[in-house]
Undergrad: 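Input: one structure, supplied below.
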Amino acid sequence: MGNIAKENAAGNRILSLLDAGSFVEIGGAVTARATDFNLQEKDTPADGVITGYGVIDGNLVYVYSQDASVLNGAIGEMHAKKIANIYDMAMKMGAPVIGLIDSAGLRLQEATDALEAFGTLYRRQSLASGVIPQVTAVFGTCGGGLSVVPALSDFTFMEKEKAKLFVNSPNAIPGNDIKKCDTSCAQFQSEKAGLVDAIGTEEEIFRDIRALVAMLPCNNEEDVSYEDCTDDLNRACANIENAMGDTAIALSEISDGGVFFETKRDYAKDMVTGFIRLNGMTVGAVANRVKVYNEEAEVVEEFDGSLSVRGARKAAEFVSFCDAFNIPVLTLTNVNGFEACKCAEKNLAKAAARLTYTFANATVPKVNVIIGKAFGSAYVAMNSKAIGADMVYAWETAEIGMMDASLAAKIMYADKDADTIKEKAAEYKELQSSPLAAARRGYVDTIINAVDTRKYVIGAFEMLYTKREDRPVKKHGTV
């Protein structure tokens with residue numbers, strides 16, 4: 001590794017991320033070719049970006065790290081060519097690309113050459129999408145056209161204090177002021193925009209990236225994400241029913257050794273997405289959530305159990321990634337209908353359609369466990385048997401149907417007295433809403449005890465390991 005990479009933040013970030021001594025720099029002697037606006041008088045070592053390859057836990061990765069000490073890390077012709085070269089090599093070798101962003105954006109001195117540079121990066125990322133995992137971490141400024149780079153990536157991380165991510169700077173937005181609403185800060189991009197998977201210190205981000213890369217396939221054809229399982233495959237999940245409200249905890253209960261890497265952690269918390277391990281295999285997990293517990297087991301947030309616009313979008317994006325990289329998908333379903341508010345109505349039908357399409361279109365093994373309520377079309381969209389789930393399990397306490405039995409009875413027997421409605425509600429629950437009623441119709445494969453969830457889902461994915469499924473011949477869907 002060249003001296004430049006050892007003596008500045010950009011190089012130190014690479015050293016902190018990769019296995020010790022594994023980084024090999026490529027293009028360290030490259031400098032800017034442009035000479036306009038006195039650019040020739042400025043020293044541009046490595047043209048403001050360190051590029052190369054190394055390993056994370058023995059797995060090959062390609063990495064680039066922007067150097068803000070060189071023209072503020074601005075992207076010009078040679079800067080972009082170096083990153084494009086890394087992408088070309090990564091595509092040939094079938095290895096992830098990790099970008100460490102700290103840049104002023106477009107290099108003004110190079111004008112149209114710099115615009116061409118942006119386009120070069122966009123195209124490389126677009127071609128690599130679904131072929132190799134792309135991870136971006138923002139440590140400084142990432143604004144304007146550069147903000148498209150993390151958006152084109154599969155996973156994005158952001159340093160919680162100094163990082164700024166924006167299309168338009170907060171003060172350039174009419175009616176806004178950065179003191180009133182900092183739309184570029186990590187918290188906004190994580191909680192409101194949903195672009196960022198996790199925020200933290202540099203050390204925490206590097207730990208997260210290493211953990212994530214270890215769980216991901218290296219490309220869409222070759223999977224090195226397995227690890228030996230030392231956990232009991234038949235282990236009873238004794239506390240899982242207590243975690244029904246917060247499915248992030250429930251997924252940890254199911255997973256080998258409690259491993260759960262949550263994505264989009266601060267966005268649409270009513271929907272949980274992330275990766276677990278089952279018998280050493282990486283599985284993508286999607287789950288409805290009605291409560292959020294903190295480390296002291298206190299409820300810090302609650303939701304009404306409906307499928308929201310943001311939750312549907314979050315789940316659809318995640319399932320799409322899993323399908324592209326042949327990662328099996330597990331869902332824990334507990335949904336009582338669609339979000340009901342004026343704001344949601346603007347986008348809910350499209351978001352629900354996208355989620356439905358993504359589950360139906362995915363050809364990877366798909367297992368659904370109904371852990372609570374499964375009501376109406378919102379349930380259908382959540383990886384139901386009807387749209388292609390390979391195996392559907394239901395806890396003994398699950399409820400499956402059009403709506404809550406009491407509400408259904410009130411609608412059907414609106415002119416009857418309270419005792420009659422109560423009686424009909426019980427009858428409706430038995431005939432239409434019980435897991436047994438769904439199992440008799442073939443919509444549920446097996447009714448299980450909650451403590452046996454891990455055993456059953458591992459068995460299902462073992463059985464589905466060799467699944468092959470085709471779709472109608474077409475270029476791509478349009479949903």
Side-chain angles (χ1 to χ4, degrees), residues 1-28 30 44-75 79-80 82-87 89-90 95-105 121 125 132-143 146-147 149-150 152-165 184-186 189-190 195-214 216:
M1 185 171 182
N3 289 332
I4 181 174
K6 294 179 181 178
E7 296 173 354
N8 56 29
N12 286 331
R13 286 170 184 149
I14 293 177
L15 293 176
S16 298
L17 174 65
L18 302 180
D19 291 356
S22 70
F23 182 67
V24 177
E25 187 173 4
I26 298 173
V30 172
T44 59
D47 204 34
V49 62
I50 302 168
T51 57
Y53 64 92
V55 297
I56 292 179
D57 291 334
N59 298 318
L60 175 66
V61 296
Y62 289 82
V63 62
Y64 66 89
S65 182
Q66 293 178 314
D67 185 358
S69 69
V70 179
L71 298 178
N72 295 318
I75 297 179
H79 184 119
K82 289 181 66 176
I83 300 175
N85 180 51
I86 290 299
Y87 263 94
M89 296 184 71
V97 171
I98 302 171
L100 309 179
I101 303 293
D102 188 356
S103 170
L121 293 185
Q125 285 192 271
I132 55 174
Q134 300 178 67
V135 180
T136 299
V138 181
F139 297 101
T141 303
C142 180
L146 187 57
S147 65
V149 170
L152 282 170
S153 301
D154 298 306
F155 303 96
T156 299
F157 300 86
M158 200 168 171
E159 198 276 332
K160 64 181 180 181
E161 300 293 342
K162 300 177 182 178
K164 299 292 180 183
L165 175 57
S184 67
C185 72
Q189 291 297 326
S190 178
L195 181 57
V196 174
D197 288 278
I199 64 176
T201 63
E202 288 200 11
E203 182 182 349
E204 290 168 340
I205 289 171
F206 294 139
R207 185 179 66 233
D208 275 347
I209 293 176
R210 288 180 62 87
L212 176 62
V213 168
L216 295 179

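What you see is a predicted model; the values in this text were computed from it and never measured. Sequential numbering from 1 along the given sequence is applied to the chain's residues.
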Undergrad: Can you check whether Pro150's main-chain N or O pairs, donor with acceptor, with Thr156's side chain at less than 3.5 Å?
TA: yes
Undergrad: About how many Å separate CZ of Arg207 and CZ of Phe157, when rounded to the nearest 0.5 Å?
TA: 11.0 Å
Undergrad: Taking all atoms of both residues into account, what is the closest heavy-atom pair of Ser103 and Gly73, and its distance?
TA: OG-O, 2.7 Å
Undergrad: State whether the side chain of Thr51 and the backbone N or O of Ile83 hold a donor-acceptor pair below 3.5 Å, judged by distance alone.
TA: no
Undergrad: Is the backbone of Ala10 close enough, under 3.5 Å, to the side chain of Ser65 for a donor and an acceptor to pair up by distance?
TA: yes
Undergrad: Sequence neighbours excluded, which residues qualify as ring-ring contact (aromatic ring centres under 6.0 Å, His included) partners of Phe139?
TA: Phe206
Undergrad: Give the minimum heavy-atom separation between Gly200 and Ile205, together with the two atoms involved.
TA: O-CD1, 3.7 Å
Undergrad: Kindly compute the distance separating CG (Leu18) from CG (Asp57), expressed to the nearest 0.5 Å.
TA: 10.5 Å
Undergrad: Rounded to the nearest 0.5 Å, what separation is found between the OH atom of Tyr53 and the CE atom of Met89?
TA: 7.0 Å
Undergrad: Looking only at heavy atoms, which two atoms of Ser69 and Asn8 are closest? And how far apart?
TA: OG-ND2, 4.4 Å
Undergrad: Could you measure the distance from the CD1 atom of Ile132 to the CG atom of Leu216? Nearest 0.5 Å is fine.
TA: 12.0 Å
Undergrad: List the residues meeting salt bridge (charged side-chain N to carboxylate O under 4.0 Å, His left out) with Glu159, not counting sequence neighbours, and say none if there are none.
TA: none
Undergrad: Apply salt bridge (charged side-chain N to carboxylate O under 4.0 Å, His left out) to Lys164 and list each qualifying residue two or more places apart in sequence or on a separate chain.
TA: Asp182
Undergrad: Just by modelled atom types, is the Val49 backbone N or O under 3.5 Å from a matching donor or acceptor in the Lys82 side chain?
TA: yes
Undergrad: Nearest heavy-atom pair of Gly140 and Asp102: which atoms, and what distance?
TA: CA-OD1, 3.4 Å
Undergrad: Do side-chain atoms of Asp154 reach the backbone of Gln134 as a donor and acceptor pair under 3.5 angstrom?
TA: yes
Undergrad: For a quick test of reading the model, state the closest non-hydrogen atom pair linking Leu165 to Ser147 and the distance between them.
TA: CD1-CB, 3.9 Å
Undergrad: Rounded to the nearest 0.5 Å, how far does CD of Gln66 lie from CD1 of Ile75?
TA: 5.0 Å
Undergrad: If I take atom CG from residue Leu17 and atom CG from residue Leu100, how far apart are they, to the nearest 0.5 angstrom?
TA: 6.0 Å
Undergrad: Pick one: which of Val135, Ile14, Ile86, Ile56 meets side-chain contact (heavy atoms from CB on, under 4.5 Å) with Val63?
TA: Ile14
Undergrad: Over all heavy atoms of both residues, which pair between Ala186 and Lys160 is shortest? Give the atoms and the distance, please.
TA: CB-CA, 3.9 Å
Undergrad: Is Asn59 reaching over with its side chain to a backbone N or O of Val55, donor-acceptor style, under 3.5 angstrom?
TA: no
Undergrad: Output yes when Arg13 and Asp67 qualify as a salt bridge under the 4.0 Å nitrogen-oxygen rule, no when they do not.
TA: no
